[in-house]
Amino acid sequence: MPQFPDNATNWLLGSFDTHIPWWFILVVIKAIAAFAILVVLTLFNIWYERRIVSFMQMRIGPNRVGPQGLLQSLADGVKLALKEDIVPKNADKPVFWLAPLLSAIPAFLAIAVIPWGPKVSIFHHWTTLQLVDLPIGVLYILAISSIGIYGVVLAGWSSGSTYPLLGAMRSSAQMISYEVAMGLSFVGVFLYAGTMSTAGIVDAQQHGWYFYMLPLSAIIYIIAMVGETNRAPFDLPEAEGELVGGFHTEYSSLKFALFFLAEYINLVTVSALAVTMFFGGWRAPWPITAWWSGANGGWYPMIWFLVKLLIFVFVFIWLRGTLPRLRYDQFMAFGWKVLIPTSVIWLLVVATFRQLRNAGDLDRAHAIPIGIGIAALFLLLVALLEIRERNQIRRTPPPSVPAYEPLLGGFPVPPMPGQSVPPAPRRPQFARTAAEPAPALPGTTAEEASTR
């Protein structure tokens, strides 16, 4: 097997067996680097989110621990580690301990197929800035991210409490629903790129990002990734006013920190996947490549990738600081009745266009006006369906509401929505007429009483 020939290799291996193959050393280095990048990005994103939201709300935010408060996230992590670990009495303890691991470990594994840059030289050996390039890399990410749902469900079930269980059921239904729309948004990219490999998809975008070719797929994915990660305004499983804190209500100390870590790593993963699928991956944007021919070579592409990634993280934070939380039934109806049908119709249009382009029956000059016409017809159809639904709601008679009983079951109860409260009985008024004289007080005459 090939060996590391230089002194750096001997220093790196030290007293270990020098027959270790070079590719194994590179895989270990890239795995450790990917783990370190995710942890550092998690600490940075927590500080980044708190600072941006404080700016939006005209507050200061963390600015005491470290320069500009950069070490505040690290201090919070140490605080969580030192907190008392409380386990509920009714909890299923083995499952209660296993659930945070089922959420955190898949979050780390999903980043393995994301390409962070092209081939670079490490210890005089050329390797890609990617842990592994699978032929079905995108399906691998979808499969790994689906395992995290088990951690959420088991956390709510094993807590032995009602509210965490309700939060877990909400979260599992939400994540499964929005993964369908997310998977359908990728099919158009597969048709254009001809591969499911993440590295192959990035290579296929060297002449143009898929965001310009498949804008609706990109928009559907961006909406679905916010819903799939349980982030505001779609953080319905953690609705404090209804479910206290969601599926992790009974968790504390490091186990709670693992759920927190998994959420922010999933934020990085879905943002990195959006950059890879629709925004050119590690490739530099057009204004930079126009005047710098070496922008896509060496270690520079990793900078472009991180900049795009942080822009998506900013979009997540922007949504949290701007939009209110949706009602749960509205959110689920939006996923099943809007996103999924739109994805299916859009997929049929993309497949038809792609087939016509491959057969040579359609060129760019005719494709653009046809696409605009289809988009206009689709928007018109959506508007007509919305008008029809509103008219149907107006024609529907209001449901009959039972009469209000203030002492239902022997206890005073408040009125339900739509129930009218009967007026309270008025006390009898003993008003005297003008001809009736005022009663005389003790010690006064009738004439004195009439003058009062």
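Because the structure is a prediction, the values reported are computed rather than measured.
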Taking atom [atom1] as the centre, does [X] end up with more than 12 heavy-atom neighbours from other residues, nucleotides or ligands that are less than 6.0 angstrom away?
| X | atom1 | answer |
| --- | --- | --- |
| Tyr300 | OH | no |
| Gln68 | CD | no |
| Trp292 | CH2 | yes |
| Leu380 | CG | yes |

Would you say the side chain of [Y] lies within less than 4.5 Å of the side chain of [X], judging by non-hydrogen atoms?
| X | Y | answer |
| --- | --- | --- |
| Thr269 | Ser145 | no |
| Ile60 | Asn63 | yes |
| Trp346 | Val350 | yes |
| Lys79 | Asp76 | yes |
| Phe108 | Val39 | yes |
| Leu41 | Leu309 | yes |

Handout entry: Qualifying residues under side chain to side chain contact (heavy atoms under 4.5 Å, CB included), relative to Gln205, sequence neighbours excluded
Key =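 Listed in chain order: Ile201, Trp209, Tyr210.
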
Handout entry: Sequence-distant partners of Ser146, side chain to side chain contact (heavy atoms under 4.5 Å, CB included), two or more places apart
Key =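 In terms of side chain to side chain contact (heavy atoms under 4.5 Å, CB included), with neighbours along the sequence ignored, Ser146 is linked to Glu179.
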
Looking at [atom1] of [X] and [atom2] of [Y], how far apart are the two atoms once the value is rounded to the nearest 0.5 Å?
| X | Y | atom1 | atom2 | result |
| --- | --- | --- | --- | --- |
| Ile114 | Leu129 | CD1 | CG | 13.0 Å |
| Phe190 | Thr195 | CZ | OG1 | 8.5 Å |
| Leu142 | Met182 | CG | CE | 7.0 Å |
| Ile340 | Ser185 | CD1 | OG | 11.0 Å |
| Leu216 | Thr342 | CG | OG1 | 7.0 Å |

Practice task
Describe, in one word, how the ring planes of Phe247 and Phe259 are oriented to each other, choosing from parallel (under 30°), tilted (30 to 60°) and perpendicular (over 60°).
Solution key: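 Rings of Phe247 and Phe259: perpendicular, as their planes differ by over 60°.
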
Exercise for the section: If the plane angle is over 60° it's perpendicular, under 30° parallel, otherwise tilted; pick one for Phe278 and Tyr221. Expected result: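 The arrangement is tilted - the two ring planes meet at 30° to 60°.
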
Problem - Ring centers of Phe312, Phe316 separated by less than 6.0 Å - result: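 Ring centres of Phe316 and Phe312 not closer than 6.0 Å.
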
Handout entry: Distance-only donor-acceptor check, side chains Lys30 and Thr127, under 3.5 Å
Key =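 Thr127 and Lys30 do have a side-chain donor-acceptor pair below 3.5 Å.
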
Practice task
Answer yes if the side chains of Thr229 and Asn266 hold a donor-acceptor pair under 3.5 Å, and no otherwise.
Solution key: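 No, no side-chain donor-acceptor pair sits under 3.5 Å.
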
Practice task
Could you tell me which residues satisfy side chain to side chain donor-acceptor pair (under 3.5 Å) with Trp282, sequence neighbours excluded, listed by chain and number?
Solution key: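 For Trp282, no residue satisfies side chain to side chain donor-acceptor pair (under 3.5 Å) once neighbours in sequence are set aside.
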
Exercise for the section: State whether Tyr192 and Arg354 meet the cation-pi test: NZ (Lys) or CZ (Arg) under 6.0 Å from the six-membered ring centroid, and within 45° of the perpendicular axis. Expected result: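 Cation-pi check for Arg354 and Tyr192: passes.
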
Handout entry: Phe44: ring pair (Phe, Tyr, Trp, His ring centres under 6.0 Å) partners, not counting sequence neighbours
Key =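 For Phe44 the ring pair (Phe, Tyr, Trp, His ring centres under 6.0 Å) partners, ignoring immediate neighbours, are Trp47, Tyr48.
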
Handout entry: Verdict with reasoning, Tyr140 to Thr198, per side chain to side chain contact (heavy atoms under 4.5 Å, CB included)
Key = CA-CA 10 Å; Tyr140 165 82; Thr198 51; over 6 Å; no

Handout entry: salt bridge (Lys or Arg N to Asp or Glu O under 4.0 Å) involving Glu49 - partner list, sequence neighbours excluded
Key =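 So Glu49 forms a salt bridge (Lys or Arg N to Asp or Glu O under 4.0 Å) with Arg231, Arg320.
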
Practice task
Scan for salt bridge (charged side-chain N to carboxylate O under 4.0 Å, His left out) pairs involving residues 51-63, sequence neighbours excluded, and state none if there are none.
Solution key: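 The answer is none; no pair qualifies.
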
